[in-house]
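Reading through the structure tokens given below for one structure.
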Amino acid sequence: MTFPRENMNYRERHCPPQEEKLHCLIPAPKGYVTPFPWPKSRDYVPYANAPYKSLTVEKAIQNWVQYEGNVFRFPGGGTQFPQGADKYIDQLASVVPIENGTVRTALDTGCGVASWGAYLWKRNVIAMSFAPRDSHEAQVQFALERGVPAVIGVLGTIKMPYPSKAFDMAHCSRCLIPWGAADGILMMEVDRVLRPGGYWVLSGPPINWKVNFKAWQRPKEDLEEEQRKIEEAAKLLCWEKISEKGETAIWQKRKDSASCRSAQENSAARVCKPSDPDSVWYNKMEMCITPNNGNGGDESLKPFPERLYAVPPRIANGLVSGVSVAKYQEDSKKWKKHVSAYKKINKLLDTGRYRNIMDMNAGLGGFAAALHNPKFWVMNVMPTIAEKNTLGVIFERGLIGIYHDWCEAFSTYPRTYDLIHASGLFSLYKDKCEFEDILLEMDRILRPEGAVILRDNVDVLIKVKKIIGGMRWNFKLMDHEDGPLVPEKILVAVKQYWTLGDTNSTSSQ
């Protein structure tokens with residue numbers, strides 16, 4: 001609360017200095033249970049896992065969430081979809097090609113409990129949802145508890161932690177973001193992460209204000225002005241409005257926005273200087289439009305699931321230095337081999353027991369691609385200090401991910417991932433920050449009885465092993481699948497189940 005309130009600055013990431021970091025394990029709440037497997041988890045969350053009732057009261061009439069005995073029920077409603085998320089998505093699908101694999105990755109800003117993302121799942125669309133840590137408590141925690149990809153985040157003053165041209169669709173339903181303010185700077189940031197030809201969906205105020213201003217209890221003039229500013233910013237960005245029905249408007253970003261912009265008389269558009277549009281970590285948003293050229297086109301992007309193993313445009317166009325088409329194919333082959341070894345080590349990998357999976361050092365996304373299965377999803381994390389920035393490639397494969405510096409906490413609640421994978425992560429951070437801090441953060445975000453797979457050089461893993469000896473993990477160091485002579489080893493671990501007040505740390509539930 002000590003940070004400025006304008007432009008949501010106080011809700012952005014602000015990390016404590018090293019000396020204020022806490023070095024402790026976080027106990028699970030009493031009565032904590034393993035979440036229901038997907039798809040049941042989409043609709044039901046055990047009350048003990050996120051014991052916060054305020055949403056059930058504040059959003060009671062909007063059908064977001066209901067409290068029923070020892071579970072929360074999520075009926076799939078939302079402020080903007082009174083008939084349920086499915087019906088609302090059907091409406092969008094009449095305009096946006098959701099069903100044929102063209103639209104695969106989506107961004108949901110101000111997502112609430114992420115019902116939109118939850119219901120897109122069966123249509124093979126994966127949504128990255130985010131909302132700030134808010135007064136209602138734990139919307140993002142509910143989303144992850146349901147098994148839906150989500151992070152704590154806000155559109156404020158800092159660029160979003162995603163590469164340019166990453167998403168096929170961006171969405172805001174009653175997300176309370178002032179899109180028209182500050183000459184449309186927030187829309188410029190959405191434009192940066194939206195692929196050419198991608199779609200932007202805006203539901204709720206100010207759309208169709210003439211009909212709705214009374215229900216919204218807002219002055220007609222304010223809403224009219226808000227819509228005018230949004231339309232103006234969209235025109236500047238060369239987004240074409242392709243639909244407006246009821247309270248929902250849909251724009252499409254043109255594939256050739258440069259020629260569109262040069263055709264605009266007196267265009268006030270300022271194009272961003274040719275710096276790296278994917279360099280975003282703690283970088284301020286700019287009042288400029290990200291040019292389309294220079295980091296991969298979408299012309300050659302295959303529909304999903306073909307694009308999972310097709311050569312991503314950024315690699316085909318030689319835009320990732322040192323990664324040729326042959327290297328990319330070799331990487332895919334290597335990860336298929338690693339993942340089949342993991343499946344022998346951990347028999348639960350394919351059963352649906354693990355729903356929320358994280359790869360802490362995702363590279364080209366080979367682990368997530370080899371593991372791909374509709375029973376789970378992978379948050380591919382690209383360390384900000386990685387030698388190559390390949391997160392754009394991961395999105396082109398139809399996967400999702402985020403930039404992060406592992407010397408800091410990840411933007412999520414405790415106990416939100418079932419399985420964490422990290423290859424070469426500790427070698428990467430060897431001289432950057434303490435292994436203990438990284439391991440404690442892994443423990444914080446891992447569920448009780450969740451699993452860890454670490455792949456790294458033997459000397460690094462021996463240091464890691466010393467620390468986890470005091471962390472209530474059961475673990476085992478194993479040889480590389482090619483035998484004991486390979487210096488790379490695999491450490492597998494399971495976090496034990498314990499709650500506050502447990503005298504022993506036995507793994508029982």
Side-chain angles (χ1 to χ4, degrees), residues 3 7-15 105-111 114 117 126-133 140 143-144 148-172 175 177 185-195 198 272 275-286 290 295 314 356 358-363 365 368 377-386 388-397 399-413 416-417 420 422 425 428-429 432 438 441 445:
F3 293 94
N7 303 329
M8 302 295 267
N9 180 286
Y10 72 110
R11 284 190 169 170
E12 292 183 311
R13 280 178 70 86
H14 300 284
C15 291
T105 54
L107 180 70
D108 193 14
T109 56
C111 64
I126 185 164
M128 168 74 81
S129 303
F130 71 80
R133 186 182 178 281
V140 165
L144 285 151
V148 183
V151 289
I152 302 166
V154 68
L155 264 171
T157 64
I158 303 290
K159 291 180 178 181
M160 291 187 276
Y162 312 112
S164 60
K165 299 197 294 195
F167 295 97
D168 303 315
M169 170 165 57
H171 172 260
C172 153
C175 64
I177 291 170
I185 191 168
L186 301 180
M187 287 171 70
M188 287 177 185
E189 177 59 3
V190 170
D191 181 73
R192 182 186 69 79
V193 300
L194 202 55
R195 188 165 284 133
C272 302
S275 58
D276 179 4
D278 297 353
S279 169
V280 296
W281 190 243
Y282 286 122
N283 283 346
K284 288 246 186 275
M285 277 183 214
E286 295 171 87
T290 307
N295 66 338
R314 276 169 164 91
N356 304 352
M358 176 183 278
D359 190 0
M360 293 174 77
N361 186 18
W377 57 273
V378 179
M379 178 68 81
N380 291 285
V381 184
M382 172 66 43
T384 52
I385 64 166
K388 290 182 175 63
N389 180 355
T390 50
L391 193 52
V393 168
I394 287 169
F395 276 94
E396 286 176 343
R397 297 184 81 167
L399 303 165
I400 56 163
I402 194 165
Y403 293 112
H404 183 63
D405 179 357
W406 284 112
C407 293
E408 298 181 6
F410 189 76
S411 293
T412 192
Y413 286 82
T416 42
Y417 285 86
I420 297 176
L425 183 86
L428 181 67
Y429 277 94
K432 301 291 185 291
I438 298 174
E441 179 59 2
I445 65 183

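Not measured: the values here are computed from a predicted model.
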- Any side-chain heavy-atom pair of F130 and L107 under 4.5 Å: yes

- Task: Would you give the length of the straight line joining atom CZ of R133 to atom OG of S411, rounded to the nearest 0.5 angstrom?
- Result: 12.5 Å

- Tell me, please, which residues at least two apart from N361 pass side chain to side chain donor-acceptor pair (under 3.5 Å). none

- Calculate, to the nearest 0.5 Å, the distance between atoms CG and NZ belonging to D191 and K165 respectively. 10.5 Å

- Task: Return the minimal non-hydrogen interatomic distance between I394 and A362, and the atom names on each side.
- Result: CD1-CB, 3.7 Å

- For E408, all residues meeting salt bridge (charged side-chain N to carboxylate O under 4.0 Å, His left out), sequence neighbours excluded: R13

- Are any non-hydrogen side-chain atoms of V154 and E12 less than 4.5 angstrom apart? yes

- First locate atom SG of C172, then atom CE of M187, and finally report the distance between them rounded to the nearest 0.5 Å. 10.5 Å

- Heavy-atom nearest pair, A170 first then L194, reads N-CD1, 3.9 Å

- Side-chain heavy atoms of M379 within contact of M128, under 4.5 Å: yes

- Item | T412: side-chain contact (heavy atoms from CB on, under 4.5 Å) partners, not counting sequence neighbours | L144, F410, T416, Y417, R444, I445

- Item | Set of residues satisfying side-chain contact (heavy atoms from CB on, under 4.5 Å) with respect to I126, sequence neighbours excluded | R104, T105, W121, P149, W377, I400

- Task: Compare every heavy atom of P383 with every heavy atom of V381, then report the nearest pair and how far apart it is.
- Result: O-CD, 3.4 Å

- Query: Does I177 have any side-chain contact (heavy atoms from CB on, under 4.5 Å) partners at least two apart in sequence or in another chain, and if so, which?
  - Reply: T109, L155, C175, W179, L186

- Evaluate the side-chain proximity of I158 to K284: yes if any heavy-atom separation is below 4.5 Å, no if none is. yes

- Task: Write down the atom of Y162, the atom of G401, and the distance for their closest heavy-atom approach.
- Result: CD2-O, 3.4 Å

- Query: When rounded to the nearest 0.5 angstrom, what distance separates OG1 in T157 from CZ in R11?
  - Reply: 14.0 Å

- List for me each residue that meets disulfide (SG to SG under 2.5 Å) alongside C272, sequence neighbours excluded, and say none if there are none. C288

- Test side chain to side chain contact (heavy atoms under 4.5 Å, CB included) on L428 and W406 and set out the steps. CA-CA 10 Å; L428 181 67; W406 284 112; over 6 Å; no

- Query: When rounded to the nearest 0.5 angstrom, what is the spacing between NE2 in H171 and OG in S129?
  - Reply: 9.5 Å

- So how far is it from D278 CG to T390 OG1, rounded to the nearest 0.5 Å? 10.5 Å

- Task: Applying side-chain contact (heavy atoms from CB on, under 4.5 Å), name anything that partners A166, two or more places apart in sequence or on another chain.
- Result: P163, F395

- Within-4.5 Å side-chain heavy-atom neighbours: F167 and D108: no

- Task: State plainly whether the residues E396 and R195 are in salt-bridge range, i.e. N to O under 4.0 Å.
- Result: no

- Task: Using a 4.5 Å cut-off on heavy atoms from C-beta on, say whether the side chain of M382 contacts that of N389.
- Result: yes

- Task: Would you name the heavy atoms of E189 and M160 that are closest together and state the gap between them?
- Result: OE2-N, 2.7 Å

- Item | Set of side chain to side chain donor-acceptor pair (under 3.5 Å) partners for N7, sequence neighbours left out | none

- Query: Of all residues at least two apart in sequence or in a different chain, which pass the ring-ring contact (aromatic ring centres under 6.0 Å, His included) check with F3?
  - Reply: H14

- Task: For N380 and G365, work out which heavy atoms get closest and say how close.
- Result: OD1-CA, 4.2 Å

- Task: With sequence neighbours left out, write down each residue that passes salt bridge (charged side-chain N to carboxylate O under 4.0 Å, His left out) with D359, or none if nothing qualifies.
- Result: none

